[in-house]
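Every chain is numbered from 1, with letters handed out A, B, ... down the list of sequences. Source: prediction; values computed, not measured.
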Number of protein chains: 2
Amino acid sequence: MAAAQTTREKIIHKGAELIHLKGYYAAGLQEILRKSEVPKGSFYFYFKSKEDFGLAIIDHFSSIIEALFRRCLEDRSIPPLERLDHLLNSHLSMFRKTGYALGCPIGNLALELAGSNDRFRERIKTAIDSLISLISACLEEAKRDGALSIGADVSDAARFIFHGFEGAIMHMKVARSHEPIESFKRYLSDYLKGKPAHKKKSG
Amino acid sequence: MAAAQTTREKIIHKGAELIHLKGYYAAGLQEILRKSEVPKGSFYFYFKSKEDFGLAIIDHFSSIIEALFRRCLEDRSIPPLERLDHLLNSHLSMFRKTGYALGCPIGNLALELAGSNDRFRERIKTAIDSLISLISACLEEAKRDGALSIGADVSDAARFIFHGFEGAIMHMKVARSHEPIESFKRYLSDYLKGKPAHKKKSG
């Protein structure tokens, strides 16, 4: 049983790598199995269907990203708003390692799969909702500490941050540069510090 | 020559429809040709390669979206900041027609293709840069009119808006709902009106 789990996990790990690189449909099952060093015929021993495999891949990416969000946003040793900065910097370090080429696996799969498969869509929606909740909880804490005085809807603000971050990652992937994320960081920082578009920075 | 162009355009139109629905790799060439009612063998008469076809598809989507951006953001009959709102509402109307299922074709292709094909990536980057420039020009106008007093970098603010919008569209596609765009609109409006996160809306 332990060995069976190891093989299943090996397929998921290699599959996730290839899907992150190429996308879900472009990553062929045969290539995934070859890279996993698993015999071609045994895929359906570990997964009921290609869809079942896809769901496992989404869960795999979600759990990695959610763990990173938790590690940064629930770190009680630093103030809440610094944790957000820490989250962006942690992502930047990861993105740097792959030359800013791969982007957010959940964002990639969201756009590739949500239109064509409802089970994938629902699973990705759940993952995104969890990430937004973690940002929301961090903002709530900042609000309790008096570091942030958002009016009615902290979850709207959390969505705003999540949307901007995903869009910046998309732009980074296309520009192959850290600049879109840096630009997002500057604006987010001004926004959270209460420097709106209206307030003159200079002149 | 006119007939040849018509056939080429027919392939691009049907191809674009299918690619918007399914993604680039999931939309098979045979299905595109069947829907275009073009004989299977004649694809390479109109396109040098599948890549050449992909570039034509990116150009097709870019020109449609850029035209919508220009129609809204260069409409001198209304104040610049209202044009941004008009742009978001125009997109919402389009998204509504397809049940919020398809999202932004350029965003979709950005995440699907940028990691694996540099010519696609460069072409999508050019498209995104054009859209950000149009937002930037609109913000510059608002600044000249005194409706907006952004400090040093209007193009940073334009990027911030573009990033948020693309992220909100991604969320919309996954949630199959207009709510993420509505949430983005509320926050963008507060941001542009100078209501930062810091300022209390209530209590």
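Options A/Ala168, A/Ser116, A/Ala110, A/Gly23 differ in how many heavy-atom pairs under 4.5 Å they form with chain B, and the most are formed by A/Ala168. No other option in B/Glu112, B/Arg176, B/Lys22, B/Lys125 has as many heavy-atom pairs under 4.5 Å with chain A as B/Arg176. With chain B as the partner, the residue from A/Asp118, A/Leu102, A/Leu111 showing the most heavy-atom pairs under 4.5 Å is A/Leu111. No other option in A/His20, A/Arg121, A/Met170 has as many heavy-atom pairs under 4.5 Å with chain B as A/Arg121. In terms of heavy-atom pairs under 4.5 angstrom with chain B, the leader among A/Phe160, A/Tyr100, A/Tyr25 is A/Phe160.
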Exercise. Yes or no on side chain to side chain contact (heavy atoms under 4.5 Å, CB included) for A/His171 and B/Ile132, after CA distance, side-chain angles and deciding distance?
Worked result: CA-CA 11 Å; A/His171 195 183; B/Ile132 292 174; 3.4 Å; yes

Exercise. What do the steps show when you test A/Glu141 against A/Arg83 for salt bridge (Lys or Arg N to Asp or Glu O under 4.0 Å), and what is the final call?
Worked result: CA-CA 11 Å; A/Glu141 238 185 282; A/Arg83 295 177 210 161; 3.0 Å; yes

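Screening A/Phe45, A/Tyr44, A/Phe120, A/Phe43 for a ring pair (Phe, Tyr, Trp, His ring centres under 6.0 Å) involving A/Phe53 leaves a single residue, A/Phe43.
In this structure the side chain of A/Pro180 never reaches within 4.5 angstrom of the side chain of A/Ser183, judged on heavy atoms. The shortest distance between side-chain heavy atoms of B/Leu139 and B/Pro80 does not fall below 4.5 Å. Residues B/His86 and B/Leu73 have side chains not in contact (no heavy-atom distance under 4.5 Å, counting atoms from C-beta outward).
Using a 4.5 Å cut-off between heavy atoms, B/Ile124 touches chain A through backbone and side chain atoms alike. In this structure, chain A has a heavy atom under 4.5 Å from the side chain of B/Asp129, while its backbone stays farther away. Neither the backbone nor the side chain of B/Leu113 has a heavy atom closer than 4.5 Å to any heavy atom of chain A. Residue A/Ala175 touches chain B through both its backbone and its side chain, counting heavy-atom pairs closer than 4.5 Å.
Proximity to chain A among residues 12-19 of chain B is not found for any residue, judged by heavy-atom separations below 4.5 angstrom. Of all residues in residues 90-99 of chain B, none places a non-hydrogen atom less than 4.5 angstrom from a non-hydrogen atom of chain A. Inspection of non-hydrogen atoms places no residue of residues 29-36 of chain A under 4.5 Å from chain B.
Residues that satisfy the salt bridge (charged side-chain N to carboxylate O under 4.0 Å, His left out) test with B/Glu179, not counting sequence neighbours, are A/Arg159, B/Arg186.
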